[in-house]
Amino acid sequence: MSKLLPVDPFDIVVFGATGDLALRKLLPALFHRWRDGQIPDNSRIIAASRDSMADSEYHTLANTHVDAAPDSEDWAAFCSQVRYVSVDATKTGSGWADLKDRLDPDDNKIRLYYLALPPALYGPISAVLKAEGLCTPNARIVLEKPIGKDLESARDINRAVCDAFPENNIFRIDHYLGKETVQNLLILRFANWMFEPIWNSNGIDHVQITVAESLGAGKRASYYDTSGALRDMVQNHLLQLACLVAMEPPASLGSDAVRNEKLKVLDALRPIGPAEISRDVVRAQYRSGAIEGEPVAGYTDELGKESETETFVAIKAAVDNWRWAGVPFYLRTGKRMSSRRSEIVIQFKPVPHDIVGAGRLHPNRLVIRLQPDEGVKMMLMTKDPGPGGLRLRYVPLNLSYADTFEENYPDAYERLLMAVVRGNLSLFMRRDEVEAAWKWVDGIIGAWDQESPNLYSYAAGADGPSEADVLLKLDDREWFDGARY
Ligand code: BG6
């Protein structure tokens, strides 16, 4: 039986259609959904950017990142739904008439305006969409992260976009929320009875969230240099993961039910200010090194200039509420680390009494591997079978996605695009969530500005600087590395 949920016909306008995000992620995602039969025939895909080019030239460009031969029947059929339009989206007038011509004249049709553009343009483009009469009842605007670069700019953007679109028609993307394993977090926690009674400071010692990348800043170095790991990854992806781990059970999976609970977590994050910054936060930048035996350049060599931007950050965070009192959340993310892996580790407390003998019991640990090798491992103490005394082993109860589920599942952008068409807001960030996340992150940035703590360095291919290990050692803990289980 097909697992495809059909969606209503829609028109999507991708602004910034010649940019990296559109070409690498959005067009391939649309093509895959089309190939699976999920995009109705009377839907239209309109690629918009300032360059002038013919439809056929855009089709050729778009094909570079799609797994379909340019002369295949599939690709030709998909392209019959893809038109290109040259428009300066920040100004009314030129180009907009062409764009409107390509849209379905039915004002009640679902429309998506996807802004694959820098956040500074979100406000101006929303104003132009409104002035051009394009904010129709079923028009939805899709915004990529980052929404701004701090709380103030995020508020400005939100205000400007909300002036043109009602909040329920604004879809702020954090693509981590579209990942299969991230969505499974809610199910794992709230559709299984066994975790919830001990999912608190009685049962949990601490939480670790690691998002490690082996890639460097690469071609995005000039953007990345204005952002750094804290703004690029922590403000959104890592905090969203922390919310899903820490939130109270929502009454339903309804969008406001879920987002209200996430917001409470963000609001409960203990501020990190100048007094805490050197103790609770480690920032670092990669220098040259090697990954899987291949030499790689340092960050400033890639960038071509000196820089104080962090490519790694580790934070000891606290959620100040009843459930999490005294339970640290250690967050860590970096580029050019030893391997690409995202995982959440829930470290449970030791059993209250050791019946076996001191030092032989390891506390349970739940490891949720988000990518790659998606899966969930519960580390348990077991008796090593056989005669000769009581030997114990710490072994995983292992749910591997690859072994358990046969099918390939759509990537995050495919899922999120279809969720916008369906109007499912629960996978997107609400205005107040984005602002609450910035408020906490701004505290850290402000403390960095004021205190100028050390920017440490780590060799590309290492898992961050040794100071990040010290952050945990001071609490008598260590980072768990999935490879070691
Ligand atoms: C993006 C960041 O949001 O997420 C990138 O801007 C990062 O710097 C990327 O590389 C990581 O996403 P994923 O899905 O590869 O883990």
Side-chain angles (χ1 to χ4, degrees), residues 16 19-26 28-29 32 65 114-120 122 142-149 154 171-185 209-242 244 283-286 291 296 299 302-303 307 309-313 331-344 368-375 401 408-417 427-429 433-434 437-438 441 460 463-464 482:
D20 188 61
L21 174 69
L23 294 173
R24 247 176 1 98
K25 295 286 186 188
L26 305 180
H32 291 152
H65 291 278
Y114 199 119
L115 307 195
L117 289 165
Y122 296 170
V142 190
L143 309 175
E144 260 299 320
K145 63 139 274 254
I147 310 287
K149 59 179 177 40
F171 291 74
R172 298 178 189 82
I173 285 209
D174 180 319
H175 77 276
Y176 266 58
L177 296 180
K179 289 183 192 277
E180 190 63 57
T181 39
V182 175
Q183 291 183 11
N184 186 41
L185 271 174
I209 301 180
T210 297
V211 177
E213 296 183 87
S214 54
L215 290 177
K219 283 195 209 141
R220 292 168 73 235
S222 60
Y223 149 74
Y224 189 83
D225 202 50
T226 63
S227 165
L230 183 67
R231 289 184 170 98
D232 187 49
M233 298 293 287
V234 177
Q235 190 273 342
N236 33 79
H237 306 325
L238 275 90
L239 286 187
Q240 286 293 321
L241 296 179
L244 294 173
R283 60 176 181 163
Q285 191 185 77
Y286 61 84
I291 296 184
V296 288
Y299 176 70
E302 277 180 347
L303 183 66
S307 165
T309 298
E310 81 287 354
T311 60
F312 173 96
V313 67
L331 314 177
R332 162 175 78 150
T333 183
K335 297 222 180 268
R336 286 286 191 230
M337 291 173 65
S338 60
S339 59
R340 175 176 186 252
R341 61 186 195 281
S342 300
E343 65 191 9
I344 297 172
I368 303 160
R369 176 59 84 104
L370 306 175
Q371 61 187 27
D373 310 327
E374 290 86 344
Y401 272 46
N408 290 327
Y409 26 86
D411 95 346
Y413 276 96
E414 297 177 41
R415 183 186 311 278
L416 291 173
L417 279 166
L427 303 182
F428 300 85
M429 294 179 295
E433 261 183 276
V434 172
W438 272 124
V441 163
D463 280 335

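In each ligand, atom 1 is the first atom listed, and ligand 1 is the first ligand listed. Note that the structure is predicted; figures quoted are calculated from it, not measured.
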Problem set entry | Closest protein heavy atom (residue, atom, distance) for atom 11 (C) of ligand 1 | Glu213 OE1, 3.6 Å
For this session: Provide the number and element of each atom of ligand 1 under 4.0 Å from a heavy atom of Lys335.
Result: 5 (C), 7 (C), 8 (O), 10 (O)
Exercise. Ion pair present between Asp232 and Lys145, side-chain N to carboxylate O less than 4.0 angstrom?
Worked result: yes
Exercise. What residue and atom, counting heavy atoms only, is the protein's closest point to atom 6 (O) of ligand 1, and at what distance?
Worked result: Asp232 OD1, 2.6 Å
Exercise. What protein heavy atom sits nearest atom 15 (O) of ligand 1, and how far off is it?
Worked result: Arg340 NH2, 3.3 Å
Problem set entry | Parallel, tilted or perpendicular: rings of His237 and Tyr176 (30°, 60°) | parallel
Problem set entry | Numbered atoms and elements of ligand 1 in range of Lys145, under 4.0 angstrom, heavy atoms | 1 (C), 2 (C), 3 (O), 6 (O)
Exercise. Got a salt bridge between Arg415 and Glu180, using NZ or NE/NH1/NH2 to carboxylate O under 4.0 Å?
Worked result: yes
Problem set entry | Interatomic distance, Asp411 atom CG to Gln371 atom CD [nearest 0.5 angstrom] | 10.5 Å
For this session: List every atom of ligand 1 that sits less than 4.0 Å from any heavy atom of His237, numbering the atoms from 1 in the order shown and giving each element.
Result: 1 (C), 3 (O), 4 (O)
Exercise. Using 4.0 Å as the upper bound for N to carboxylate O, is an ion pair formed by Glu302 and Arg336?
Worked result: yes
Problem set entry | Atom of Gly464, atom of Phe312 and distance for their closest heavy-atom approach | CA-CE1, 3.6 Å
Problem set entry | Whether Tyr176 lies under 4.0 Å from ligand 1, heavy atom | yes
For this session: Look at atom 12 (O) of ligand 1 and say which protein heavy atom is nearest, naming residue and atom and giving the distance to 0.1 Å.
Result: His175 NE2, 3.1 Å
Exercise. Of the listed options (Gln371, Glu144, Lys179, Arg220), which comes nearest to atom 5 (C) of ligand 1 when hydrogens are ignored and any heavy atom counts?
Worked result: Arg220
Exercise. What are the two closest heavy atoms between Ile291 and Met337, and how far apart are they?
Worked result: CD1-O, 3.7 Å
